[in-house]
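One structure below.
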Amino acid sequence: MPQANKPSLEKLQALRGMADLLPSQTSLWQQIEVKAREHFHRSVISELRTPLLEQTQLFSRGIGEATDVVGKEMYSFLDKGDRSCTLRPEGTASVVRASIQHGLLKQGPQRFWYSGPMFRYERPQAGRQRQFHQIGLEYLGFNNPCSDIEVISIAWDLLEDLGLTDLTLELNSLGSNEDRVTYREALLSWLEERKNDLDPDSLNRLYTNPLRILDSKVKSTQTLLREAPTLSEYLSADSINRFERVKTGLEALEIPYTLNPRLVRGLDYYSHTAFEITSSQLGSQSTVCGGGRYDKLIEQLGGPSTPAIGWAIGMERLALLLTQNNPVPNKSIPEIYIVNRGVTAEPFAIVVGRLLRQSNHKVELDLSGSAFSKQLKRADRSGARWALLIGDNEAEEEKVILKDLKTIPSKDSQEEPIKLEILMRQFN
RNA sequence: GCGGGCGUCGCCAAGUGGUUAAGGCAGCGGCUUGUGGCGCCGCUAUUCGGGGGUUCGAAUCCCCUCGCUCGCCCCA
């Protein structure tokens, strides 16, 4: 018998699929972000920041109505002006929109990077949240296969530099849009003859997005598809030539790749080069980085016909991999811990702490007012190199006691108080 | 959206129908009203994610719900 809900005193908690990043995680994230910025900086790529919220149309038109992302995963709602708004499910569409809106493409080819939260309404599991974070790269106005190579190598080098091993670069060419139209027809008629052997999911896709059937993980469907026409057979000479140049370039950089003819990717806008960087250590959500070329998207969104290519790295998955290799989270450790107690000592300790911080030292000030022994114990546990002891006796003479926490204390060693100026000279 | 597993203190974790819900770590206080690595002592869950039910009695059984997790799907 169903009961009425009484949520009156329910605990407040984050929404499903929305994770807090606690201090044990944030230092790792910061390291990733710093490293990524370095790589972007060295390749002369500018940051672009766009709103989290966009018109729903941007995504339905850009990503494709038939895709899962648009069809069932968007966080959409009507605002007070009855406009349909959507929390961005990915970054590319927004970057393209901003570039068109501000006429950036008229200034020639652009290299952009972005980072931030994305939202997809999905069932959470390892490496998949409803709010997740991506760092992404978009090269707008580049057609040369060398741009594909540069874009891929930036992702590869960044991940390697972060210490990841065991990565696989999966590569495919989706050909031009014309190639795909031809192939789509061929595949469709081939599949129609074998309708009865398809699994239900694939059957649903038959007329909406037949290429995605290639990606099916259903065994019987996979077996069936072994005989199916492949996209590579339908690539034009130009497309093949283009793909060869990308492969040759990667070889020159000694970036290993695996050809995966079934790599189709879920967003409609991809053409030619499509790739994913995967790790076997991630469980079923194995893609750390995914991307590809999208030569028709900009035009489709109302901009000038402009070729482009980009990728996105999933921060949570990246952090997951780095945590596996390096399970000890860094805690923030002070250099100097200030022990203080007393009506004169406490305000003086704040002054001393500020002076030291202004001299660029990492200082933790004990704010408890508890006994010296307690504070010293905390100083020791904090991992600080130095303790500064300030009681009323010292404060009245503007002195402090400096203690080296790395040495073992002898029973009755009493340190001499030193003048503040002397201390500051030492910590300059 | 579908299927499996799980949910006891900040963290780890015992308890599987019967008096006060082990223990460890961390935290706080004391031994030491001004001196740290150790030690000892004490404190910290009227409550077992939440709600309802069964029962003389439930953390333990049942139902609903929330969340986590694994797989499917999909993707970063």
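This one's a predicted model, so the numbers in the text were calculated from it and none came from an experiment. Chain identifiers are assigned alphabetically (A, B, ...) following the order of the sequence lines, protein sequences preceding nucleic acid strands; residue numbering begins at 1 within each chain.
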* Look at atom CD of Gln55(A) and say whether more than 12 heavy atoms of other residues, nucleotides or ligands are closer to it than 6.0 Å. => no
* **Within 6.0 Å of CD in Glu421(A), more than 12 heavy atoms from elsewhere** =>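 Yes, because the 6.0 Å sphere around CD of Glu421(A) holds more than 12 heavy atoms from other groups.
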* Under a 4.5 Å cut-off applied to non-hydrogen side-chain atoms, are Ser115(A) and Glu33(A) in contact? ->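 Ser115(A) does not reach Glu33(A) side chain to side chain.
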* Asked: Can Thr287(A) and Glu276(A) be counted as having a side-chain donor-acceptor contact under 3.5 angstrom?
  ->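 Short answer, yes.
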* With respect to the phosphate group of U35(B), does any side-chain polar atom (N or O) of Gln375(A) fall under 4.0 Å of OP1 or OP2? -> no
Distance, rounded to the nearest Å, where [X] contributes [atom1] and [N] contributes [atom2]:
| X | N | atom1 | atom2 | value |
| --- | --- | --- | --- | --- |
| Leu164(A) | A76(B) | CG | C1' | 14 Å |
| Leu402(A) | G36(B) | CG | C1' | 14 Å |
| Glu170(A) | C75(B) | CD | C1' | 13 Å |
| Arg128(A) | G1(B) | CZ | P | 12 Å |
| Gln131(A) | A76(B) | CD | C1' | 13 Å |
| Leu15(A) | G67(B) | CG | P | 8 Å |
| Glu122(A) | G71(B) | CD | C1' | 15 Å |
| Leu376(A) | G36(B) | CG | C1' | 5 Å |

* Structure fact -> Taken in chain and number order and not counting sequence neighbours, the residues that satisfy side-chain contact (heavy atoms from CB on, under 4.5 Å) with Arg354(A) are Gln358(A)
For [N] and [M], measure between their [atom1] atoms and round to the nearest Å.
| N | M | atom1 | result |
| --- | --- | --- | --- |
| G15(B) | U60(B) | C1' | 9 Å |
| G23(B) | A14(B) | P | 15 Å |
| A45(B) | A13(B) | C1' | 14 Å |
| C12(B) | G17(B) | P | 26 Å |
| G27(B) | C11(B) | C1' | 12 Å |
| U8(B) | G67(B) | C1' | 16 Å |
| C73(B) | C2(B) | C1' | 9 Å |
| A22(B) | G29(B) | C1' | 23 Å |

Shorter than 3.5 Å, N or O on both sides, protein versus nucleotides 2-7 of chain B: list them out with atom names.
| residue | atom | partner | partner atom | Å |
| --- | --- | --- | --- | --- |
| C2(B) | N4 | Arg123(A) | NH1 | 2.9 |
| G3(B) | O6 | Arg123(A) | NH2 | 3.2 |

* Between His133(A) and Asn393(A), which is nearer to the 5' end of RNA chain B once each is assigned its nearest nucleotide? -> Asn393(A)
* Taking for each residue the nucleotide of RNA chain B bearing the nearest heavy atom, is the 5' side occupied by Met315(A) or by Asp380(A)? ->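 The residue whose closest nucleotide sits nearer the 5' end is Asp380(A).
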* **G50(B) base / Gln13(A) side chain donor-acceptor hit below 3.5 Å** =>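 Such a pair does not exist between side chain and base.
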* In terms of side-chain heavy atoms of Lys72(A), which of A76(B), G36(B), C73(B) is nearest? -> C73(B)
* Structure fact -> Picking from A76(B), U35(B), G36(B), the nucleotide nearest the side-chain atoms of Ile401(A) would be U35(B)
* Asked: Does Ile333(A) offer a backbone N or O that forms a donor-acceptor pair with the side chain of Lys362(A) under 3.5 Å?
  ->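 Checked: pair present.
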* To do: Nearest 0.5 Å please: distance from the CZ atom of Arg111(A) over to the OG atom of Ser46(A).
  =>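 One gets 9.5 Å once the value is rounded to the nearest 0.5 Å.
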* **Straight-line distance of Ile418(A) CD1 to Glu394(A) CD, nearest 0.5 Å** => 11.0 Å
Counter-base of [N], judged by Watson-Crick or G-U geometry with both distances under 3.5 Å:
| N | result |
| --- | --- |
| C2(B) | G71(B) |
| U35(B) | none |
| G29(B) | C41(B) |

* To do: Report the residue from Asn340(A), Val339(A), Ile336(A), Val363(A) that forms a side-chain contact (heavy atoms from CB on, under 4.5 Å) with Leu388(A).
  =>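 In the set Asn340(A), Val339(A), Ile336(A), Val363(A), the residue that makes a side-chain contact (heavy atoms from CB on, under 4.5 Å) with Leu388(A) is Ile336(A).
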Under 4.0 Å, counting only non-hydrogen atoms across every strand here, what does [X] touch: a base, just sugar-phosphate, or nothing?
| X | answer |
| --- | --- |
| Glu276(A) | nothing |
| Ala312(A) | sugar-phosphate |
| Gly17(A) | sugar-phosphate |
| Asp404(A) | base |
| Gly127(A) | base |

* Asked: Mind checking whether Phe119(A) and Tyr75(A) have parallel, tilted or perpendicular rings, split at 30° and 60°?
  ->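 Geometry flag for Tyr75(A) against Phe119(A): perpendicular rings.
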* To do: Determine, for nucleotides 28-33 of chain B in 5'-to-3' order, which nucleotides have protein heavy atoms under 4.0 Å from the base (write B), from only the sugar-phosphate (write S), or from neither (write -).
  => SSB-BS
* **For the student: nearest non-hydrogen atoms of Gly175(A) and Ser239(A), plus distance** => CA-OG, 4.0 Å
* Do Arg130(A) and Tyr121(A) meet the cation-pi criteria used here (NZ or CZ under 6.0 Å from the six-membered ring centre, within 45° of the axis)? ->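 Judged by the rule, Arg130(A) and Tyr121(A) form a cation-pi pair.
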